[in-house]
Amino acid sequence: MNGMKTHNRKKIVTVFFCISLVLIFLAGRLVYLMVFQSEFYSAQAQDLHERERDIKAARGKILDINGKVLASNRSVCTISVIHSQVKDGEKIVKVLSKELEMDEDAVRKRVEKVSSIERVKSNVPKEIGDKIRDYKLAGVKVDEDYKRYYLYDNLASKVLGFTGGDNQGIIGLEVVYDEKMMGTNGKILTLTDARGVELADAGESRQNPIDGNNLRISLDYNIQMYAQQAAEKAMQAKEADSVSIIIMKPSNGEIMAMVNLPEFNLNEPYELPEGTTYSNAEEKQNLLNQMWRNGCINDTYEPGSTFKVITASAALEAGVVSLNDHFFCPGYKIVEDRRIRCARTSGHGAQNFVQGLENSCNPVFIELGMRLGTDQYYKYFKQFGLLSKTGIDLPGEAKTIMHQKKNIGQVELATISFGQSFQITPVQLATTISSLINGGKRITPHFGVQIEDQEGNPVEVFDYEPSAQILSAETSNTMRSLLEKVVSEGGGNKAYIEGYEIGGKTATSQTLPRSAHRYISSFMCFAPASDPQVLCLVIINNPTGIYYGGTIAAPVAKEIYLNILPYLGIEKDPAVIEKEKAEKEKEEQE
């Protein structure tokens, strides 16, 4: 009996001991959680009952080289509905459908949807957002937001690009420098109860957004305007399909203007030209993609005679021709079984190399191609950078479409030498010729100059120093002199401006199929010829009537230069200035 009592007593002690251990553990755990982990679990509880809404950061501006704002932001609102806080759903539906000009059923679906927060519409004009806020509708939130705004509508549209509904870049510089300009969104944090209803006395806490940095580019608003107006005038006069113009600094690759007519309205980027028809969404998107396409970098074409600058440079550098070499042009040249015509079918007769360049004589350049030979000519293609992309800071750059070396026979070599049977982008041509006349250093075409903070202080400066020496300084100097004669004495004379040294080269090429009789008229020029500071390439696609580059493209370049050379501070020859001054004084006296 006593043994049984002793056993029970031990059993009770054991149970009590175990319970005590459990209680001590639980007490210790409670102390640990309440004291040492209090902040963590307090934050967890806070998160459990916080509702979060974004405060959009302002996207950085795009500034031209002089600081003129090209792309900025406008204040807009995002209208949202919090289902758990809605008290009068029908009233909300009627108000929002009226003020937002939306279908009632579409609004009702959003209002009745059970979710923590449902967006009804974004990019709402601020005045409409303020009006909706004044209704003080329970469950309706009006949050600040930004919409991209382009101050000059269609100015350089295919260069600047545009953003989507989320303010992220879609095309152009907007997408290339997206991360630099986007900023960091802030947040509005609101405390709610277990049902998701905001606590009236808790208020809101804010994490302020950090606005994006600004992008300064090399494009000059005034030069872009001059070029765009000249292009519009030419396109209208010649009823052309399109006009492209590139204006750049040959010394460092900075692009001062890039025109791609027809341009489009950056503030209405999804609006097709009036009268455009389409049958489905896919067809519309294809039309939009074409409208947004930057022909200067996305498209290739046969350059025609402007490419003779490259052939001449290679031939002089290789030593296969001298300035006094003589040629004879009967109006054609026989290559294997082909009779390849000169633009002047009656022929240029006897001429030296300089005259051959001035006359843009095809047989002369076919002869240069033959003298170089395939291996050597191909070596210069690669050396000059023609077989790789330029590296321009715009998306979608196309690559030169050139024959493989093994497929270049005598006929192909002949046609390549005067700019046919292959294709190149306008920006590649402008870049290569700039590199050949700037002293022989390969440049990288670009728009980005630097990233700046909101006060204009540089955050990041882009480095585009000229790279490889692709041509000797001596040959480069010779080419500048020769091309000046093309304008002052040869086929580019319609770009001549008294008092300025201008070098240039005309071109007229055909698109495929040749039977369609569609032409591309172009003209490349630079000034001053002795120290190139600005290069201009004009391309007119499918003009009506007269289509020769020297006749219709050269005058466009002249018109641009008459405006931008004085603007850039490039002065005329002092003797010409004195002459003009004397003539003006004489007129005033009479």
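These numbers come from a predicted model, not from an experiment.
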Phe162/Tyr270 aromatic ring centres below 6.0 Å: yes

Heavy atoms of other groups near Glu283 CD, more than 12 under 6.0 Å: yes

For a ring-ring contact (aromatic ring centres under 6.0 Å, His included) check, start with the C-alpha distance between Tyr519 and Tyr548, then their side-chain angles and the critical distance, and finish with the verdict. CA-CA 9 Å; Tyr519 296 89; Tyr548 299 112; 7.9 Å; no

At their closest point, which heavy atom of Thr431 faces which heavy atom of Val427, and how far apart are they? OG1-O, 2.6 Å

Does any part of the side chain of Val81, heavy atoms only, come nearer than 4.5 Å to the side chain of Leu137, both counted from C-beta? no

Asn260 (side chain) donor-acceptor with Cys296 (main chain) under 3.5 angstrom: yes

Is it the case that atom NZ in Lys494 sees more than 12 heavy atoms from other parts of the structure closer than 6.0 Å? no

Quick one: closest heavy-atom pair of Leu266 and Gly161, and the distance? CD2-O, 3.2 Å

Would you tell me whether Asp220 and Tyr567 have side-chain atoms, one donor and one acceptor, within less than 3.5 Å of each other? yes

I'd like to know if the side chain of Asn154 and the backbone of Ser157 have a donor-acceptor N/O pair within less than 3.5 Å. no

If we ignore hydrogens and angles and just use 3.5 Å, is the side chain of Glu397 paired with the main-chain N or O of Thr425 as donor and acceptor? no

Pairs satisfying ring-ring contact (aromatic ring centres under 6.0 Å, His included), at least one member in residues 100-122, at least two apart: none

If you count the non-hydrogen atoms of other residues, nucleotides and ligands that lie under 6.0 Å from CD in Glu127, is the total more than 12? yes

Within the side chain of Thr400, is there an N or O that forms a donor-acceptor pair under 3.5 Å with the backbone of Leu386? yes

Are a donor atom and an acceptor atom from the side chains of Asn123 and Asp145 found within less than 3.5 Å of each other? no

So does Glu118 pair up with Lys113, basic N to acidic O under 4.0 Å? yes

Could you tell me which non-hydrogen atom of Ile245 sits nearest to which non-hydrogen atom of Ala231, and how far apart they are? CD1-CB, 3.7 Å

Ion pair check, Lys131 and Glu99, cut-off under 4.0 Å: yes

What's the separation between atom OG in Ser80 and atom CZ in Arg110, rounded to the nearest 0.5 Å? 10.5 Å

State whether Glu452 and Lys61 are salt-bridged, where the test is any N-O pair (Lys NZ or Arg NE/NH1/NH2 against Asp/Glu carboxylate O) under 4.0 Å. no

Run the salt-bridge test on Lys126 and Asp130 with the 4.0 Å N-O cut-off and return the result as yes or no. yes

Has Leu512 got more than 12 heavy atoms of other residues, nucleotides or ligands less than 6.0 Å from its CG? yes

Under 3.5 Å, is there a donor-acceptor pair linking the side chains of Thr415 and Gln420? no

How far does CG of Asn213 sit from CD1 of Ile451, to the nearest 0.5 angstrom? 6.5 Å

When you look at Lys158 and Phe264, which way does the side chain to side chain contact (heavy atoms under 4.5 Å, CB included) test go after all the steps? CA-CA 8 Å; Lys158 298 174 185 181; Phe264 65 93; 3.8 Å; yes

Look at atom NZ of Lys238 and say whether more than 12 heavy atoms of other residues, nucleotides or ligands are closer to it than 6.0 Å. yes

Quick one: does Arg442's side chain have a donor or acceptor within less than 3.5 Å of a partner on Phe384's backbone? yes

Could you tell me whether the side chain of Asn298 and the main chain of Gly396 form a donor-acceptor pair under 3.5 Å? yes

Between the side chain of Thr390 and the main-chain N/O of Ile392, is any donor-acceptor distance below 3.5 Å? yes

Looking at Gln450, is its backbone amide N or carbonyl O close enough to the side chain of Arg216 to form a donor-acceptor pair, meaning the two atoms are under 3.5 Å apart? no

Measure from the side-chain N and O atoms of Ser509 to the backbone N and O of Glu302, and report whether any donor-acceptor pair falls under 3.5 Å. yes

Please report the shortest heavy-atom distance between Ile416 and Ser421, naming the atom on each side. CG1-OG, 3.7 Å

At what distance, to the nearest 0.5 angstrom, does CG of Asn541 lie from CE of Met235? 9.5 Å

What are the two closest non-hydrogen atoms of Ile540 and Ala240, and how far apart are they? CG2-CB, 3.7 Å

I'd like to know if the side chain of Asn289 pairs up with that of Gln285 as donor and acceptor (distance under 3.5 Å, no hydrogens or angles considered). yes

Test Ile62 against Met181 for side chain to side chain contact (heavy atoms under 4.5 Å, CB included), laying out the working first. CA-CA 9 Å; Ile62 299 179; Met181 294 188 286; 3.8 Å; yes

Going by atom types only, do Asn267 and Asp153 share a side-chain donor-acceptor pair under 3.5 Å? yes

I'd like to know if the side chain of Thr432 reaches the main chain of Leu429, judged simply by a donor and an acceptor atom lying under 3.5 Å from each other, with no hydrogens or angles considered. no

With sequence neighbours excluded, residues passing ring-ring contact (aromatic ring centres under 6.0 Å, His included) with Phe381: Tyr377, Tyr378

Out of curiosity, Glu254 CD to Ile217 CD1, how far, rounded to the nearest 0.5 Å? 11.0 Å

Return the CG to OG1 distance between Asp241 and Thr511, rounded to the nearest 0.5 Å. 9.0 Å

Which donor-acceptor pairs under 3.5 Å do side chains of residues 167-177 form with protein atoms, sequence neighbours excluded?
from	atom 1	to	atom 2	distance (Å)
Asn167	ND2	Tyr146	O	3.2
Glu174	OE1	Arg59	NE	3.0
Glu174	OE1	Arg59	NH2	3.1
Glu174	OE2	Arg148	NE	2.8
Glu174	OE2	Tyr150	OH	2.7
Tyr177	OH	Asp393	OD2	2.5

Criterion side chain to side chain contact (heavy atoms under 4.5 Å, CB included) on Glu460 and Lys180, from CA distance to verdict: CA-CA 10 Å; Glu460 180 181 358; Lys180 308 284 186 183; 2.6 Å; yes

Rounded to the nearest 0.5 Å, what's the gap from CG on Asn66 to CD1 on Ile223? Could you check? 8.5 Å

Residues, nucleotides or ligands: over 12 heavy atoms within 6.0 Å of Gln236 CD: no

Which atom of Leu535 lies closest to which atom of Ser434, heavy atoms considered: CD1-OG, 3.5 Å

Atom CZ of residue position Arg74 - does it have more than 12 heavy atoms of other residues, nucleotides or ligands inside 6.0 Å? no

Output field: ring centroids Tyr152/Tyr221 closer than 6.0 Å: yes

